[in-house]
Amino acid sequence: MTTQAPDTRPGPVETMFAADEASRGLGIELVEHGEGTAVLRMTVTASQVNGHRIAHGGYVFLLADSAFACACNSHGPVTVAAGADIEFIAPAYEGDVLVATARERVRFGRSGVYDVSVVRGDEVIAEFRGRSRTLRTQNEEPQ
């Protein structure tokens, strides 16, 4: 009787996130992920606050966008953002731990729509909607 060792190779999300210097350089952590989902966490640092002493919206957007990237790349083919919007609901401050949870809403052809909620504890900080596009391989016919 032979037993097969479990596959321990990193999947597409782990591979992509390991190469994501921008996200990891800001201390963003990949907490969990699955098919069409991802959860990332970041602590707001002193260098991430603006002149009003609140988290710069660009960093909140980056956290949400990184969660979106992990969720839409969970299926394997290289997928990029075709567009995204964010609604800032409440300010975040230095020391706040923000958690971004991305969920796939729909995939059709090479496109997809993903929603990301960014929270501090139970409070919603921002809502993000991303639109994705899977890149064609060289052998694939145009759609």
Side-chain angles (χ1 to χ4, degrees), residues 4-143:
Q4 187 174 13
D7 188 357
T8 57
R9 290 177 293 176
V13 174
E14 292 95 349
T15 300
M16 182 196 68
F17 195 76
D20 185 348
E21 295 292 333
S23 296
R24 290 184 310 101
L26 292 173
I28 295 175
E29 304 166 78
L30 176 61
V31 177
E32 63 184 69
H33 64 89
E35 288 292 310
T37 65
V39 179
L40 277 66
R41 177 176 47 225
M42 176 183 88
T43 301
V44 178
T45 65
S47 66
Q48 296 170 339
V49 298
N50 63 23
H52 300 295
R53 306 308 303 158
I54 60 176
H56 190 291
Y59 290 108
V60 177
F61 186 98
L62 189 146
L63 172 64
D65 186 51
S66 294
F68 161 57
C70 288
C72 68
N73 277 279
S74 66
H75 300 288
V78 173
T79 304
V80 297
D85 300 295
I86 193 164
E87 298 292 328
F88 297 108
I89 310 299
Y93 302 94
E94 181 181 347
D96 285 351
V97 176
L98 304 182
V99 176
T101 301
R103 292 180 186 85
E104 183 177 273
R105 303 296 296 153
V106 64
R107 278 183 18 190
F108 51 100
R110 293 186 305 129
S111 299
V113 176
Y114 294 77
D115 287 337
V116 183
S117 292
V118 180
V119 299
R120 172 188 49 226
D122 292 333
E123 184 181 10
V124 176
I125 299 299
E127 290 289 341
F128 171 105
R129 173 155 279 188
R131 296 168 304 283
S132 69
R133 188 73 169 167
T134 300
L135 300 180
R136 282 194 294 263
T137 62
Q138 288 185 332
N139 300 331
E140 190 176 355
E141 291 293 319
Q143 288 185 1

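This structure is a prediction, so every number in the text was calculated from the model and none was measured. Only this structure's heavy atoms are used, side chains among them; waters, hydrogens and symmetry mates stay out.
- The main-chain N or O of E94 is never found under 3.5 Å from a side-chain atom of R53 such that the two would form a donor-acceptor pair.
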inquiry  = Applying side-chain contact (heavy atoms from CB on, under 4.5 Å) to V118 and I86, what does each step give before you reach the verdict?
reply    = CA-CA 10 Å; V118 180; I86 193 164; 5.6 Å; no
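- If you take OH on Y93 and CD1 on I54, they are separated by 6.5 Å, rounding to the nearest 0.5 Å.
- Q48 contributes a side-chain N or O that, together with a main-chain N or O of T45, makes up a donor-acceptor pair within less than 3.5 Å.
- For the pairing with L40, the side chain to side chain contact (heavy atoms under 4.5 Å, CB included) check across V31, L30, V99 returns one residue only, L30.
- Among all heavy-atom pairs drawn from I28 and S66, the shortest one is CD1-OG, 4.4 Å.
- Heavy-atom contacts from other residues, nucleotides or ligands closer than 6.0 Å to CZ of R105 number 12 or fewer.
- At distances below 3.5 Å, not a single donor-acceptor pair connects side-chain atoms of R131 with backbone N or O atoms of S111.
- Distance check: R103 CZ to D115 CG gives 9.0 Å after rounding to the nearest 0.5 Å.
- More than 12 heavy atoms of other residues, nucleotides or ligands lie within 6.0 Å of CD in E35, so this atom counts as buried by the packing criterion.
- Closest approach of L63 to A100, counting heavy atoms only: CG-CB, 3.7 Å.
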request  = For side-chain contact (heavy atoms from CB on, under 4.5 Å), just list the numbers for T37 and S74, CA-CA rounded to whole Å, side-chain angles, deciding distance to a tenth of an Å, and then say yes or no.
outcome  = CA-CA 8 Å; T37 65; S74 66; over 6 Å; no
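- T15 places a side-chain N or O within 3.5 Å of a backbone atom of G11 that can act as its donor or acceptor partner.
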message = Under the criterion side-chain contact (heavy atoms from CB on, under 4.5 Å), I'd like the reasoning laid out for F17 against E29: C-alpha separation, chi angles, the key distance, then a yes or no.
response = CA-CA 9 Å; F17 195 76; E29 304 166 78; 5.9 Å; no
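- Atom NE2 of H56 is separated from atom CZ of F61 by 12.5 Å, given to the nearest 0.5 angstrom.
- Checked by atom type and distance alone, the side chain of S132 pairs as donor or acceptor with a backbone atom of G112 at under 3.5 Å.
- Around the NE2 atom of H75, the shell of radius 6.0 Å holds more than 12 heavy atoms that belong to other residues, nucleotides or ligands.
- In terms of heavy-atom proximity, A92 sits nearest to R120 at CA-NH1, 3.4 Å.
- The backbone N or O of H52 lies less than 3.5 Å from a partner atom in the side chain of N50, making a donor-acceptor pair.
- The line from CD of E21 to CG of L26 is 11.0 Å long, rounded to the nearest 0.5 Å.
- In this structure, the side chain of N73 does not engage the main chain of V13 through any donor-acceptor pair within 3.5 Å.
- Within the model, atoms CG of L135 and CZ of R110 stand 7.5 Å from one another, a figure rounded to the nearest 0.5 Å.
- Within the model, atoms CD of E123 and CG of D96 stand 8.5 Å from one another, a figure rounded to the nearest 0.5 Å.
- The nearest pair of heavy atoms linking A71 to A38 is N-CB, 3.8 Å.
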